[in-house]
Amino acid sequence: MEETSTLTPFEIEEIGSLLDALKHLRDTVTKDAAGHRNQLEHLDPAYVASAKNLLHYLSLRQHDIRPLQQRLSLLGLSSLGRAESCVLPTLNAVIRVLGAILGQQTCIANEESEMPTSIQDGFRLLNDHADQLLGTYQSGRTVRIMVTMPTEAGHDPSIIHQLMEKGMDCMRINCAHDSPEIWQAMIGNLRSAEQSLGRNCRIFMDLGGPKIRTGDIEPGAKVVHVRPKRDDYGITVIPARVWLTSSENPSVAPEDCAAQFQVSESFLKCLNPCDEITLTDARKKSRKWTVVAITESGCCVESIKACYIRPGVTIQLKNGRQLPRVHTEIQDFPPQEGVLHLKRDDVVLVTSDLVQGRNEERDTAGNLISPTTISCTMPAVVSQVQPGETIWFDDGKIGGVIEKTESDQFWVRIHHARPEGSKLRSAKGINLPDSQLNINVLTDEDLRNLAFIAEHADVVEMSFANSIEDVQLLQEQLKKLGAETLPIVLKVETRKGFENLPRMLLAAMRWPCCGVMIARGDLAVECGYERLAEVQEEILSVCEAAHVPVIWATQVLENLARKGVPSRAEISDAVMAHRAECVMLNKGPHITEAVAALDNILKRMQSHQKKRRPMLRELRLAHLAT
């Protein structure tokens, strides 16, 4: 006779307590969300259920339910850790199960017909919105791959064709680079590849946005350091190669040449292989170059010793058989790129004046005459910062705190730099994560580019989206262009954008189709690298609750794309990216290899994980011996 299990009084009390706690939590979540119904006005019909689920999720996350989760796990029940896409259906399902264990019939009415009625509804809505934004997946891989186009893709049709062959689903054009003519050529090459391969590929065009950068810096000296490669003992193992070309008809140096100089064509015509050229460099050091190759466009020479070359240096053919002496001068060339040298505790003056930046100047006694100075490409920002706020330069490589402000300049004390000092160049990004900046999210250039985007793109991406007003501004501009159905993607790349994400999502849901990009480069600088993983998790969770697809971007497989060899860390990062609906790769010489590798990784991972849910397929390990 089969035994029947009975609950102990303690178990009955524990389950009853859990049931009451869950009912109270559900009622609280429902009531809190109802208090924000005014934010659900003017939604697109496709997002009504999604917006309400988002409100329920935000209400749920106002409570610390970790103790409740642990108690549910001990009973083998759902711990609500995967409730993002279907908050009320998940709560109701657990309530029903607990009621059934106690022998109670728990009737739960579906309060609103437009709410998801089952857990599966949440998955379906997210998948539908992903298909609408990113296109239906065609390669047996549910996570799409997006690739940023290099300039060469406008000239060489084979680049886009190869990328699509390897698995590219979405083509991204960054409007901060190139021109409408090149963009048009890229799109034409894509259409040809689509027709050839019988596949579709979405066109995403990215507005540059108000990127704050460092201004020009005083150029350095007119000198080139030619240096061979040496081993640990200081012995030259690879001579330095230098390209000599005609000043009358200059040519581009081969890739293996470290420097290029223009000389007279008559001098080049006197050279033969193995000839020796002598010179005295800028340090008054005698040096010798050996001719190793001669072509119609120039001559390649090698130097086994380091030398410093400046304009006007005389070079002479060492050949006693030829008289008079054969010689020429190195022609003028541009100065070195200007660089600011910054160390910890240095003071930097940031100014709104469009002056050239310069390093600090001291007198012979070491007293400061003028501080290190750099201008800002967005002068309006300078008057909006406050003392005590942090500032980061060059993607977070250099950081400091604003100590003093004036209407047209402010002083920064550097607290983050390399121990030996860091170099700051012009056109490097400036991040002000603590500052409340009032700047236009759409620049004049963005507005000009938007007309082209509205005509040619499948999706427009908005950089530095920070507020509801930013989203509404983009929507208004698209309406003026007659592009009321063009999908929009909000790029979250600032702390303010992250903090305002729920509000921006509700504003974006007034549009027929929307998505979010986690722009992890600036976001890491704004929020701190230590917090980036946490911020990514929260963005993924909030967007899943809103049934809004996410694009995981910045530095994915970057070493592989640029150098052809991936790091272990970036492979793990690509694996984590599987939880988004799309993964973006940046351009690089080995980008087709990176697309192929990412395609492989994503296909493998979908057998193991769906969003944040582990998928337990059979293990392919050796079985234990019986």
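Positions are given from 1, in the same order as the sequence printed here.
Listed by chain and number, the residues in a ring-ring contact (aromatic ring centres under 6.0 Å, His included) with F261 are F333 (sequence neighbours excluded). By the side-chain hydrogen bond (donor to acceptor under 3.5 Å, both in side chains) test, R562 pairs with E558, sequence neighbours left out. Residues that satisfy the ring-ring contact (aromatic ring centres under 6.0 Å, His included) test with W411, not counting sequence neighbours, are absent from this structure. Residues satisfying the ring-ring contact (aromatic ring centres under 6.0 Å, His included) test with H415, not counting sequence neighbours, are W392. Scored by the ring-ring contact (aromatic ring centres under 6.0 Å, His included) test, W183 finds F452 as partners (sequence neighbours excluded).
D216 places no side-chain N or O within 3.5 Å of a backbone atom of Q356 that could act as its donor or acceptor partner. A donor-acceptor contact shorter than 3.5 Å links the side chain of T214 to the backbone of K428. The backbone N or O of L342 lies less than 3.5 Å from no partner atom in the side chain of S422, so there is not a single donor-acceptor pair. Proximity of a side-chain donor or acceptor of S435 to a complementary backbone N or O of V385 within less than 3.5 Å is not detected. A donor-acceptor pair is defined here as one N or O able to donate and one able to accept, closer than 3.5 Å; such a pair exists between the side chain of R495 and the backbone of E526. Between the side chain of T328 and the backbone N or O of F267 there is no donor-acceptor pair closer than 3.5 Å. The backbone N or O of S375 lies less than 3.5 Å from no partner atom in the side chain of T351, so there is not a single donor-acceptor pair. Judged purely by atom type and a 3.5 angstrom limit, R287 uses its side chain to pair as donor or acceptor with the backbone of A306. Using modelled atom types, no side-chain atom of E445 and backbone atom of G208 make a donor-acceptor pair closer than 3.5 Å. At least one donor-acceptor pair closer than 3.5 Å links the side chain of T372 to the backbone N or O of E360.
With contacts defined as side-chain heavy-atom distances shorter than 4.5 Å, the pair D470/F464 does not qualify. Side-chain contact between D573 and R520 is present, with at least one heavy-atom pair separated by less than 4.5 Å.
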Report the C-alpha separation of N189 and S192 in whole Å, then their side-chain angles, then the decisive distance to 0.1 Å, and conclude whether the side chain to side chain donor-acceptor pair (under 3.5 Å) test is met. CA-CA 5 Å; N189 291 338; S192 297; 5.4 Å; no
L163 vs M149, side chain to side chain contact (heavy atoms under 4.5 Å, CB included): CA-CA, chis, key distance, verdict: CA-CA 10 Å; L163 289 172; M149 290 297 100; 3.7 Å; yes
Mind running side chain to side chain contact (heavy atoms under 4.5 Å, CB included) on W552 and V143 for me, showing each step along the way? CA-CA 10 Å; W552 180 290; V143 178; over 6 Å; no
Step by step, would you call I173 with I187 a side chain to side chain contact (heavy atoms under 4.5 Å, CB included)? CA-CA 9 Å; I173 297 175; I187 293 170; 4.0 Å; yes
Show your reasoning for whether side chain to side chain contact (heavy atoms under 4.5 Å, CB included) applies to V595 and Q162. CA-CA 10 Å; V595 172; Q162 291 171 7; over 6 Å; no
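Residue N600 places its CG atom among more than 12 non-hydrogen atoms of other residues, nucleotides or ligands, all under 6.0 Å distant. Atom CD1 of I304 sits in a sparse spot, with 12 or fewer heavy atoms from other residues, nucleotides or ligands closer than 6.0 Å. For R310, the CZ atom is loosely surrounded, since the number of other residues' heavy atoms within 6.0 Å does not exceed 12. Atom NZ of K166 has 12 or fewer heavy atoms from other residues, nucleotides or ligands within 6.0 Å. Counting heavy-atom neighbours within 6.0 Å of E420 CD, excluding the residue itself, gives a total above 12. Heavy-atom neighbours of R568 CZ from other residues, nucleotides or ligands within 6.0 Å: at or below the threshold of 12. At most 12 heavy atoms of other shown residues, nucleotides or ligands fall within 6.0 angstrom of atom CD in Q195. More than 12 heavy atoms of other residues, nucleotides or ligands shown are found within 6.0 angstrom of NZ on K211.
When I203, V489, L207, D446 are each tested for a side chain to side chain contact (heavy atoms under 4.5 Å, CB included) with V460, only one passes: L207. For the side chain to side chain contact (heavy atoms under 4.5 Å, CB included) test with C582, the passing option among R144, M517, R202 is R144; the others fail.
Nearest heavy-atom pair, C307 versus S303, reported as atom, atom and distance to 0.1 Å: SG-OG, 4.2 Å. Considering all non-hydrogen atoms of both residues, L585 and V556 come closest at CD2-O, 3.3 Å. Nearest heavy-atom pair, L486 versus V459, reported as atom, atom and distance to 0.1 Å: CD1-N, 3.9 Å. Considering all non-hydrogen atoms of both residues, T245 and L268 come closest at C-CD1, 3.6 Å. Annotation for R213 and A427: closest pair NH1-O, 3.1 Å, computed over non-hydrogen atoms. Smallest separation of non-hydrogen atoms from P566 and I571: CB-CD1, 4.0 Å.
Counting only N and O atoms by type, the side chains of N586 and T148 include a donor and acceptor under 3.5 Å apart. No hydrogens or angles considered: a donor-acceptor pair under 3.5 Å links the side chains of T151 and D178.
No salt bridge links D281 with K305; every basic N to acidic carboxylate O contact stays at or beyond 4.0 Å. A salt bridge does not link K423 to D394: none of the charged side-chain nitrogens sits closer than 4.0 Å to a carboxylate oxygen. Using a 4.0 Å cut-off between a side-chain N of Lys or Arg and a carboxylate O of Asp or Glu, R172 and D206 qualify as a salt bridge. Remark: R358 does not engage E218 in a salt bridge, criterion side-chain N to carboxylate O under 4.0 Å.
Sequence neighbours left out, the pairs with a member in residues 333-345 that pass side-chain hydrogen bond (donor to acceptor under 3.5 Å, both in side chains) are E337-R425.
Within the model, atoms SG of C170 and CE of M584 stand 11.5 Å from one another, a figure rounded to the nearest 0.5 Å.
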